[in-house]
Chemist: 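The following block contains the structure, expressed as structure tokens.
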Amino acid sequence: MATEYTAAPYAPADGFYDELFDASGGARPHAETLVSRLERLGAGELAAAGRRRDAIFMQQGITFDLTGAAEAADGELRDRPFPLDLVPRILPADEWTVIKRGLAQRIRALNRFVDDVYHAREIVEAGVVPWEMIVSRSHFARPAYGIRPPGDVYCHVAGCDLVRDADGRWKVLEDNVRTPSGISYVLENRLAMTRLVPGLFAGYHVRPVDNYPALLLSALRAVAPGGDDEPTVVVWSPGPANSAYFEHAFLARTMGVELVEASDLVVRDEVCYMRTTSGLARVHTIYRRLDDDFIDPLEFRSDSLLGVPGLMRAYRAGTLALANAVGTGVADDKAIYHWVPEMIRFYLGEEPILDNVETYLLSDPERLAYVLERLDRLVVKPTGESGGKGVFIGPRATDAEIAAQAELIRADPRRWIAQELVHLSTVPTLDSSGALAPRHVDLRPFAVFGEDISIVPGGLTRVALRPGSMIVNSSQGGGSKDTWILDEEVVPDGRPLPPRRATVPPPLPDLRQSSWTGQQEQQQQERSGG
Amino acid sequence: MRFSIRYRTEYQYDAPVADNLNSLRALPATTPAQRCEESGVRVDPEARLIQHNDYFGTRVVEFGVSRPHDRLTIDVRAKVETSETPEPPDPSWEALATDAYRRAAAEYLLPSDDEPLNGALDGLRADARGDGPLATLLRVSELIPDRFEYRPGVTYVGSTVQDLLDAGAGVCQDFAHLALILLRRNGIAARYVSGYLFAAPPDDSEDSIEVNTHAWLEGLLAAPGDGAPVWVGIDPTNRGRAGTQHVKIGHGRRYADVPPIKGVYRGSASAELEASVRMTRLDSGNGAAP
């Protein structure tokens with residue numbers, strides 16, 4: 001009964017693009033080998049591999065936040081473990097080439113936009129993006145004004161979310177240029193696949209993903225402020241309570257750098273140091289995995305003493321690189337998203353390679369009326385949030401929910417955007433009975449911007465495990481898939497890493513007290529006439 | 001008018017503190033209405049001073065004292081000359097709807113997160129509205145001192161406008177915050193101004209007086225023709241337009257964008273704060289030394 005299930009009973013869902021099978025149910029050319037391998041393995045073998053997978057993931061502690069209610073930060077996937085589906089998603093090389101070029105183009109434009117917003121404002125002067133739109137974004141970071149990071153790189157790590165519509169065309173659903181997460185799952189999934197179902201790889205040249213840590217480290221070193229010594233890079237995590245802590249630790253470990261928290265860092269005379277067992281050591285680049293609001297209480301939230309006081313001074317003085325740069329959140333705001341195609345034309349003089357999903361800004365009263373009328377067919381998102389927080393999906397909403405959403409929008413239209421519903425593509429996925437069934441997917445590729453932009457082949461494919469569902473978040477029944485980019489040409493790996501040399505710590509005392517107190521401020525209370 | 005200003009702050013800590021990092025926004029600005037002739041900052045214990053202009057254009061002086069200390073003094077001195085501003089334009093309400101106005105208004109029209117709940121200010125907002133934007137500006141500067149008592153001690157540096165409404169009293173910072181909301185809700189862009197006020201007794205008998213830092217605000221008025229919109233200062237603590245007795249440090253959306261001193265230090269010691277501002281007229285005509 002090894003061929004208990006075959007490709008034959010697999011029926012692509014009507015009205016959606018299936019990535020491995022064509023509309024008639026036949027395997028697409030790049031999937032033929034895979035389909036025959038899956039048939040050879042059979043349901044029993046796959047089920048056994050699934051059990052081994054669960055044991056390994058549990059053992060390695062690859063889990064996400066179980067409450068699903070963690071604080072919002074950009075692009076963080078705050079979810080339960082992503083169950084890894086053993087059927088990979090395969091993208092042919094030519095298709096990937098288009099995605100890769102499209103993403104690089106988009107990230108270059110977003111990077112220019114961030115630079116422009118905090119400096120010359122050319123795109124505003126040219127009348128392309130209204131200044132009121134920019135200053136009203138919750139992540140517009142005034143403390144970043146006038147600061148030029150090394151190499152003019154702002155979006156060191158980007159994770160744009162891509163989807164395919166019913167006609168198979170790729171579209172960008174949202175941009176994440178603050179602290180996108182998920183790359184650790186890409187690497188862990190690949191490793192697990194090669195151990196659990198090595199036979200599936202036979203006959204395919206799948207482009208490797210395991211050079212990501214080396215790629216990231218070399219980018220973080222490339223943007224470090226100049227000096228003679230080998231720059232010191234650290235990963236800054238909010239701590240074990242953060243839902244993506246596993247990934248923070250994973251990246252520090254695989255890059256061979258320190259994982260630090262705020263209390264490990266101190267700024268003196270515009271230079272950032274970390275505490276080590278032998279005193280303070282200079283830090284050149286911080287890969288920070290927390291939002292602007294929590295990096296320096298002197299410049300951001302005055303109600304918070306979290307973060308490293310003085311960090312912005314070091315950053316402004318140019319002795320420290322922060323990745324991603326301060327203020328990138330203005331570029332991945334969901335209302336600003338609307339202008340990204342225009343940004344590409346404005347800054348690069350090119351036509352966008354990847355399209356946006358049709359988006360409506362609600363500040364215009366006519367648009368607003370049009371959207372309110374069609375709420376049952378549209379998707380509505382809050383502009384300043386990410387990671388699926390606060391998203392309203394019209395076709396799945398009850399009348400009461402639609403009315404409630406209309407009320408929210410009317411109260412503050414600028415806080416929302418509306419989008420046409422994308423009919424997400426499907427990839428065959430093992431269902432609970434061990435049969436292949438179409439399930440909807442999205443894709444988050446990861447780009448690293450150092451001296452140039454590199455994009456890891458593939459990315460994180462999230463899959464909605466419930467039949468018919470288009471919600472890929474793991475908190476709502478989502479899983480993940482290994483994403484294969486087929487290699488048709490030999491591409492050399494990332495640059496080899498230069499050897500690390502020890503740096504001499506400066507003769508500064510260690511710190512005994514780790515808590516901070518806000519300086520008493522003075523109320524302004526003068527009045528004339530005594 | 002010409003003034004010398006000395007703004008001295010002393011923090012006395014009940015236990016040694018370290019890594020005491022501070023940002024000062026205390027140096028007079030140079031604007032069309034005033035010129036800062038000279039200025040300087042000294043701190044004790046001694047520390048390196050770094051200066052930059054922030055997003056709002058305010059001069060910021062930063063320093064940090066890393067070694068343990070139990071006292072910090074910050075001494076700011078400046079000489080500044082203020083001059084009369086031209087008569088403000090008197091635009092129509094319609095003039096505030098143009099693209100040029102909205103672009104200049106930018107964030108100064110936006111509500112802030114800690115405003116009183118809907119409805120609480122509707123009466124005041126309606127009462128503040130005059131025949132045009134200029135009339136509204138002047139009316140706000142009268143309405144607030146009419147309705148609220150100036151009384152130090154009932155609010156504190158972190159108070160919200162709701163606190164002012166609840167107490168029925170407050171100080172200039174609270175009055176300015178309320179005025180900002182009333183103007184913005186009437187469609188007039190408005191920004192918080194931090195500075196110094198030469199609050200001389202009415203008989204003009206004193207040339208050198210002890211004051212505090214002061215807060216007022218500026219509203220944006222559209223200019224006739226193609227002219228750029230103009231920021232016009234009003235002082236809801238002292239009624240009417242801001243004048244030559246007002247020395248501006250900088251502006252922002254609210255107090256938190258231009259605090260005179262903002263700092264943080266390592267440790268949990270508590271501090272005694274003593275601050276004084278002395279303003280001396282340098283061009284007085286009534287007998288004092290020039």
Chemist: Using the side chain to side chain contact (heavy atoms under 4.5 Å, CB included) rule, pick out the option among Gln523(A), Glu521(A), Gln524(A) that qualifies with Pro259(B).
Modeler: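 The option that passes is Glu521(A).
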
Chemist: As an exercise, state the distance from CD of Gln519(A) to OH of Tyr13(B), rounded to the nearest 0.5 Å.
Modeler: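 Spacing of CD (Gln519(A)) from OH (Tyr13(B)) equals 3.5 Å.
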
Chemist: Taking Val157(B), Val171(B), Leu110(B) one by one, which has the highest count of heavy-atom pairs under 4.5 Å against chain A?
Modeler: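 Option with the top pair count is Val157(B).
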
Chemist: For residues Pro309(A) and Val264(B), report the shortest heavy-atom separation together with the two atoms involved.
Modeler: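 For Pro309(A) and Val264(B), the tightest heavy-atom pair comes out as CB-CG1, 3.4 Å.
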
Chemist: Specify the closest pair of heavy atoms between Tyr145(A) and Tyr55(B), including all atoms of both residues, with the distance to one decimal.
Modeler: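 Tyr145(A) and Tyr55(B) have their closest heavy atoms at CD2-CA, 3.5 Å.
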
Chemist: Out of Arg48(B), Arg103(B), Gln173(B), Arg67(B), which one racks up the most heavy-atom pairs below 4.5 Å with chain A?
Modeler: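 Top option by heavy-atom pairs under 4.5 Å: Gln173(B).
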
Chemist: In Å and rounded to the nearest 0.5 Å, what is the CD1 to CG distance from Ile50(B) to Asp269(A)?
Modeler: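 If we round to the nearest 0.5 Å, Ile50(B):CD1 and Asp269(A):CG are 7.5 Å apart.
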
Chemist: Might you point out which heavy atoms bring Ala106(B) and Trp131(A) nearest each other, and give the distance in Å?
Modeler: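 Shortest heavy-atom separation between Ala106(B) and Trp131(A) comes out as CB-CD1, 3.5 Å.
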
Chemist: Does a sphere of radius 6.0 Å around CD in Glu210(B) hold more than 12 heavy atoms from other residues, nucleotides or ligands, not counting ones at 6.0 Å or beyond?
Modeler: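 Yes, the 6.0 Å shell around CD holds more than 12 heavy atoms from other groups.
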
Chemist: So which part of Asn20(B) gets closer than 4.5 Å to some heavy atom of chain A, the side chain, the backbone, both or neither?
Modeler: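 Side chain only.
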
Chemist: For Asp54(B), which residues count as a side-chain contact (heavy atoms from CB on, under 4.5 Å) partner, sequence neighbours excluded?
Modeler: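 For Asp54(B) the side-chain contact (heavy atoms from CB on, under 4.5 Å) partners, ignoring immediate neighbours, are Arg25(B), His52(B), Phe56(B), Thr58(B), Val60(B).
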
Chemist: Can you tell me which portion of Phe175(B) sits under 4.5 Å from chain A's heavy atoms? Options are side chain, backbone, both or neither.
Modeler: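 Contact with chain A: none, neither part.
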
Chemist: Crowded around Arg278(B) CZ? As in, over 12 foreign heavy atoms under 6.0 Å?
Modeler: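 Count over threshold, so yes.
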
Chemist: Non-hydrogen atoms of chain A under 4.5 Å away: do they reach the side chain of Ser194(B), the backbone, both or neither?
Modeler: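 The answer is both parts of Ser194(B).
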
Chemist: Quick check: are there more than 12 heavy atoms from other residues, nucleotides or ligands sitting under 6.0 Å from CG of Asp99(B)?
Modeler: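 For Asp99(B), atom CG is not crowded (no more than 12 foreign heavy atoms under 6.0 Å).
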
Chemist: For Tyr11(B), which atoms come within 4.5 Å of any heavy atom of chain A: side chain, backbone, both, or neither?
Modeler: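 For Tyr11(B), the contact with chain A is made by the side chain alone.
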
Chemist: So which atom in Ser23(B) and which in Leu298(A) form the shortest heavy-atom distance, rounded to 0.1 Å?
Modeler: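 The pair with the smallest heavy-atom distance is OG-CD2, 4.4 Å.
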
Chemist: What residues of residues 113-123 of chain A make heavy-atom contacts with chain B at a cutoff under 4.5 angstrom?
Modeler: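 So far as heavy atoms go, Arg121(A) are the residues that approach chain B to under 4.5 Å.
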
Chemist: Verify whether one side chain among Gln522(A) and Thr9(B) offers a donor that lies under 3.5 Å from an acceptor in the other.
Modeler: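 Judged by distance alone, the side chains do pair up.
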
Chemist: Measure Leu72(B) against the heavy atoms of chain A and call it side chain, backbone, both or neither at under 4.5 Å.
Modeler: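 The side chain, not the backbone.
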
Chemist: State, with a plain yes or no, whether a side-chain heavy atom of Glu62(B) is found less than 4.5 Å away from one of Met312(A).
Modeler: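 Of all side-chain heavy-atom pairs linking Met312(A) with Glu62(B), none is under 4.5 Å.
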
Chemist: Are the side chain of Arg313(A) and the backbone N or O of Phe63(B) linked by a donor-acceptor pair below 3.5 Å?
Modeler: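 Yes; at least one donor-acceptor contact below 3.5 Å.
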
Chemist: Let's go through Val135(A) and Arg253(B) carefully: what are the C-alpha distance in whole Å and the side-chain angles of both, what is the deciding distance for side chain to side chain contact (heavy atoms under 4.5 Å, CB included) to 0.1 Å, and is it a yes or a no?
Modeler: CA-CA 11 Å; Val135(A) 296; Arg253(B) 293 162 297 172; over 6 Å; no

Chemist: Report the residues that fulfil side-chain contact (heavy atoms from CB on, under 4.5 Å) with Ala406(A), sequence neighbours left out, ordered by chain and then residue number.
Modeler: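 Checked Ala406(A) against side-chain contact (heavy atoms from CB on, under 4.5 Å); matches are Leu372(A), Leu375(A), Arg410(A).
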
Chemist: So which part of Asp174(B) gets closer than 4.5 Å to some heavy atom of chain A, the side chain, the backbone, both or neither?
Modeler: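 Answer is side chain: those atoms of Asp174(B) sit under 4.5 Å from chain A.
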
Chemist: Just wondering, do Glu132(A) and Leu109(B) contact through their side chains at under 4.5 Å, heavy atoms?
Modeler: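 The answer is no; the side chains never approach within 4.5 Å.
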
Chemist: Donor-acceptor pairs are to be reported for all side-chain atoms of residues 269-277 of chain B against protein atoms at under 3.5 Å, with residues two or more places apart or in another chain.
Modeler:
from: Ser270(B); atom 1: OG; to: Asp14(B); atom 2: OD2; distance (Å): 2.9

Chemist: Is Ile261(B) in contact with chain A via its backbone, its side chain, both, or neither, using a 4.5 Å heavy-atom distance?
Modeler: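 Answer is both: backbone and side chain atoms of Ile261(B) are under 4.5 Å from chain A.
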
Chemist: Please state whether the side chain, the backbone, both or neither of Arg102(B) comes within less than 4.5 Å of a heavy atom of chain A.
Modeler: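 Both backbone and side chain.
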
